[in-house]
Structures are given as structure tokens and as C-alpha cells.
Number of protein chains: 2
Amino acid sequence: MSTEDHTEDNGVPAGVTELPAAHGQSLDQASAQPVTASLTRILPEATLARLTQYLRALIKLKASGELRTSSGVLATAAGVNPAILRKDLSLLGSYGTRGVGYVVVELTEHISKALGLLQQWRVAIIGAGNLGRALSGYGGFRSRGFEIAALLDAAPEVIGTTVGDMEVQDIADLESIVQRSKANMAVLSVPGISAQDLCDKLVDCGVRSILSFAPVVLNVPAGVNLRRVDLATELQILAYHAQNLEA
Amino acid sequence: MSTEDHTEDNGVPAGVTELPAAHGQSLDQASAQPVTASLTRILPEATLARLTQYLRALIKLKASGELRTSSGVLATAAGVNPAILRKDLSLLGSYGTRGVGYVVVELTEHISKALGLLQQWRVAIIGAGNLGRALSGYGGFRSRGFEIAALLDAAPEVIGTTVGDMEVQDIADLESIVQRSKANMAVLSVPGISAQDLCDKLVDCGVRSILSFAPVVLNVPAGVNLRRVDLATELQILAYHAQNLEA
DNA sequence: CACTGTGAAGCCATTCACAGCT
DNA sequence: AGCTGTGAATGGCTTCACAGTG
């Protein structure tokens, strides 16, 4: 219905974390890594953001028929420098061949596995305003293992309408809907004023990973992953740089 | 028309930068800062993100009638620790009073000034899909010095319709519209496939600050500010942490 | 010979702890 | 007495440069 909703592939970085996280393990860097070792240990946040970019770049390369690639090519495609790409990948294990490079499909799989994209994630979208609708129609999710499990809103005139192929359900039934739909992630695209309350409810019914677009500081118990994207913040940071560019 | 579009105040951090920027000045930390010194010198990206949070917290405090505050209170409201808040503020100058704290309105102004929010920014939104519409209706922008200057799209059935109080204009006329509307910032909420082309056009007609939601790596000449927010990346990072939380 | 994998160096950001004011 | 402002210490991430290897 319009130009947008960048349904395609490739893209880019983002947020500051927010994970009060108390990851169980304290040791990483175990001595032996017998290759293809399943558990990847803790990856730095910055590395994670870049891995998603490599993944996009790889998918593009595969689509254009490339079988192999190198840190130089991949780095350019992902907009980073080759050294850090190699360092990032080395944190996952040694999946390249010296003097040659990386096998596209192989590397794609290793990164997907490390990121946890081999399992299907079910996302409940809380708030069916424009942002919520944009998200529920965003092709980039479905194509990467994220299934929209439910779409909720509080406004009577919105509840019961359909967005894409999803019916908007009543936010009042959040707990039962989340349980029934087996959602294990949630996106909060609601006004700041209701965000904390809904966040608490999500946590109560077992959701441990939440992406919030609400412009408020949210408190979550340890063990819950919270990421926030703040649109006004983005523009403000841009304004700062714009101001400083002016002669 | 629904629950979302968090029109209110407070909110949170976000993105990884992307500024190939070749900021003129190399010196900062000049010796004397005669207070209220106009030019703030380069602020670290991480500090910028937090400053926007402090600003939100301050606006809330003001709204609830507080005249003064302290690093402890503000830090809690912004979700950071007091030490880094003080360090951040000290980069702007010494606007607090030892033993007392900060005057809310005064600090608000200093931060606004540092961020470049005292001038009016005019934002062209490129792409009037759900995301573009969500952004153009986002109250948090207008209330912070960001005026929506224009809303463009390519789809014939969308051009000419109104969104809020804005008429959607034809993206084919981008150059003239940007010039006439005096837009000095742009938001790209278009499909990845058209993003680079539109980005180039924006740069051509003088826009030097761009916030992109398109899931592609964009190339811009030095001197242009580009920030990117990638929704799929956010979920993927969350997936990683979710996977690692699972016992 | 080309390209990966990685120790070491360098840089940036956060935290600590306390001196300096009011 | 209390809270700011900041040097010093710490920790994490990035870049460098090269040894290792097919």
C-alpha cells in the first residue's frame, strides 16, 4: 500500500543494551574448542550487532550466486573493516580457510546458530497503532525466524479488525493470549504511560525478551532481556551532529 | 486511533553510529571554560544517547513541579548510575552546585542547547507506509523541536492522501519539495531497494542528516550524518540473549 | 601467495573514590 | 554535611600487524 516497509534483506546496527542480565556462566574462553562446538559463550554486544549485518550480507551474496567470500568482501558489504569482521567470526570458531576465505552457506549457518535464529521465535506485538502495524507487516521478521504470534491493542475500535492476516485482540486478555499463542518475545509499541504496566504483565506470563519502542525507562527483573529503541533520541543525536556540522 | 504512538515524554537509548564524519576540530578539552561557553566541543556518542534521557527525565521532573534535583535522583529517573551522569554533565560545563544539586530548568536548557534542540529542525519523511505514518504522527518529535516538513511516497494511491495534517507528496518531486519545505533532516522509511537512491537524492539537495530505517548499508559522502535503526537486528539480538537465557 | 586467526597495542567508556565547594 | 566535579583505575572494544596455513 505504499513505498515503505522495507520488506527486503540487508540493514544495520542499532541499540544500546539494557540487559541487567545475570548470565549464569562466568567462565568463557574455555580452553578447547573442538570446532562446531555448540555453545558459543558470551558474545560482546557490539559483535552481535555486526553479526546480524554479516548475516544480511551473506544472504545477499548467496542470492547473487556466490559460493565463497572473504573478510574483505563481506566487510565491505556489511560496512565494517575486515579486521573486526575476522575477530568477530573468530569468536564463533574457525570457519574460514586461510588463503581462501569463507564458504557462504556454511558461515551463514554458523552465524544463524550463534544468534539463535535456527529456532522459531514467536513475537507478540503489543499496540496496533501505526508502529505496531508497521512491525507486524515487516517482512524482514518472518523471513528470519520471527513469527508474529499475536497483535494486541486497547482501543475498542481497533480490536477485532484485521491487519494483514492477523486479527487485533484485546490487550485486556494479554495473559491468556500470550499463553495460548505461545509467544516467547514481545514488542511494546504502546504509549509511554502504559508501557511499564504492560511490561510487567508480559514478564508475569513468562515473556523474557522484550523490545520496547516506548519512550520511557522500563524496569524489569534480572533474567529478562529488554532492548529499547527510541525514535526521538535518534533524531536528537542527529540534531547534535547536524548542529556541529554547521560552519 | 489506537493504543500506540507513545506521544508522551520519556524514553531511551539506541543506535550505533555511522558517521564517517570528519569533524573539523581535533582539539577539545580546551583549558578554560568560562561557564555558559557556547560551543560544547565533541561529545562521545554514548554521552549523547544518555543526554537525551536526562532531558526526558528533567522534563518529567519539571512537569511534576520539582525545581531542583541531584545526580542521584536524575540518574535513577534516566536509568543510569550517578557517576556517569555527573561525568556526562561535566562535559557540558559545571552547571551544578556542590552540596546542593542542579536547577531543573537551567540544566534542561544547557542540555537542549548542547544537543542543538534550541533551533527548529525540519524533517522530511520519505516513505508514507505504516512506519512513515507512525513517525509523522509521533508527538515526541514536534514537542522537541522537530517539525515534519514534508511526507513523501511513491505509490500513486497514497500520493495526495492526508496523514494527520500532512498531504503525502510525490517522491518524484523530492528535490523541489525538500527545497521548498526547507527540510534540513530526513527520515528514510522506504524499502531497502530504493533507499540508496533516495539517500543520494537527499544528499544532492543539501540534506546532511539522515535517519534510515531501511535494512541496507547506505553510503554517504563525508560530512553527511547517517544513523540507522534496524528493526530486524533488534529482534535478532534479543533472540541471541533469549537463547542464552534458556537453561 | 593470499587470506585467516589472533596476540599485543591503543583507544574509548565506565566506574571508583575523593578532593573541592557551598 | 552533602553533593558536585574529576583524576586515576579499570574494563571492553577496535585496530594493527603478523604468524600460521591451505
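Naming: A, B, ... by sequence-line order, numbering from 1 per chain.
Residues in residues 98-108 of chain A take part in no side chain to side chain donor-acceptor pair (under 3.5 Å) pair, two or more places apart or across chains. Listed by first then second residue, pairs satisfying salt bridge (Lys or Arg N to Asp or Glu O under 4.0 Å) with a partner in residues 61-73 of chain A number zero, not counting sequence neighbours. Sorted by first and then second residue, the salt bridge (Lys or Arg N to Asp or Glu O under 4.0 Å) pairs with a member in residues 78-94 of chain B read B/Arg50-B/Asp88; sequence neighbours excluded.
Using a 4.5 Å cut-off on side-chain heavy atoms (C-beta onward), B/Leu107 and B/Tyr54 make no contact. Put simply, the side chain of A/Arg144 does not reach to within 4.5 Å of the side chain of A/Trp121, judged on heavy atoms.
Computed from coordinates, the A/Leu85 CG to C/dT6 C1' distance equals 14 Å when rounded to whole Å. If you take CG of A/Leu91 and C1' of C/dT6, they are 10 Å apart, rounded to a whole angstrom. Rounding to whole angstrom units, CG of residue A/Leu92 and P of C/dT4 are separated by 15 Å. Note: CD1 (B/Ile42) to P (C/dC11) measures 17 Å, nearest angstrom. Atom C1' of nucleotide C/dT4 and atom CG of A/Leu74 are separated by 13 Å, given to the nearest angstrom. Note: CZ (B/Arg68) to P (D/dG2) measures 15 Å, nearest angstrom. Protein atom CD of B/Glu106 is 14 Å distant from nucleotide atom C1' of D/dT4, rounded to whole Å.
To the nearest 0.5 Å, the span separating OH on A/Tyr240 from CD1 on B/Ile42 amounts to 5.5 Å. Within the model, atoms CD of B/Gln119 and OG of B/Ser112 stand 12.5 Å from one another, a figure rounded to the nearest 0.5 Å.
In this structure, of C/dT4, D/dT4, C/dG5, it is D/dT4 that holds the atom nearest to the side chain of B/Ser71.
For B/Asp200, the side chain to side chain contact (heavy atoms under 4.5 Å, CB included) partners two or more places apart in sequence, or in a different chain, are B/Gln196.
OP1 or OP2 of C/dG5 lies within a sub-4.0 Å distance of a side-chain N or O belonging to A/Tyr102.
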Review item, nucleotides 17-22 of chain D N/O atoms under 3.5 Å of protein N/O:
from	atom 1	to	atom 2	distance (Å)
D/dG20	N3	A/Arg98	NH1	3.1

Check: protein-nucleotides 7-14 of chain D nitrogen or oxygen pairs below 3.5 Å:
from	atom 1	to	atom 2	distance (Å)
D/dG7	N7	B/Lys87	NZ	3.4
D/dG7	O6	B/Lys87	NZ	3.1
D/dA8	N6	B/Lys87	NZ	3.3
D/dT14	OP1	A/Arg50	NH1	2.7
D/dT14	OP2	A/Arg50	NH1	3.2
D/dT14	OP2	A/Arg50	NH2	2.7

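Relative ring orientation between B/His110 and B/Tyr95 is described as parallel, the plane-to-plane angle staying below 30° on a 0-90° scale split at 30° and 60°.
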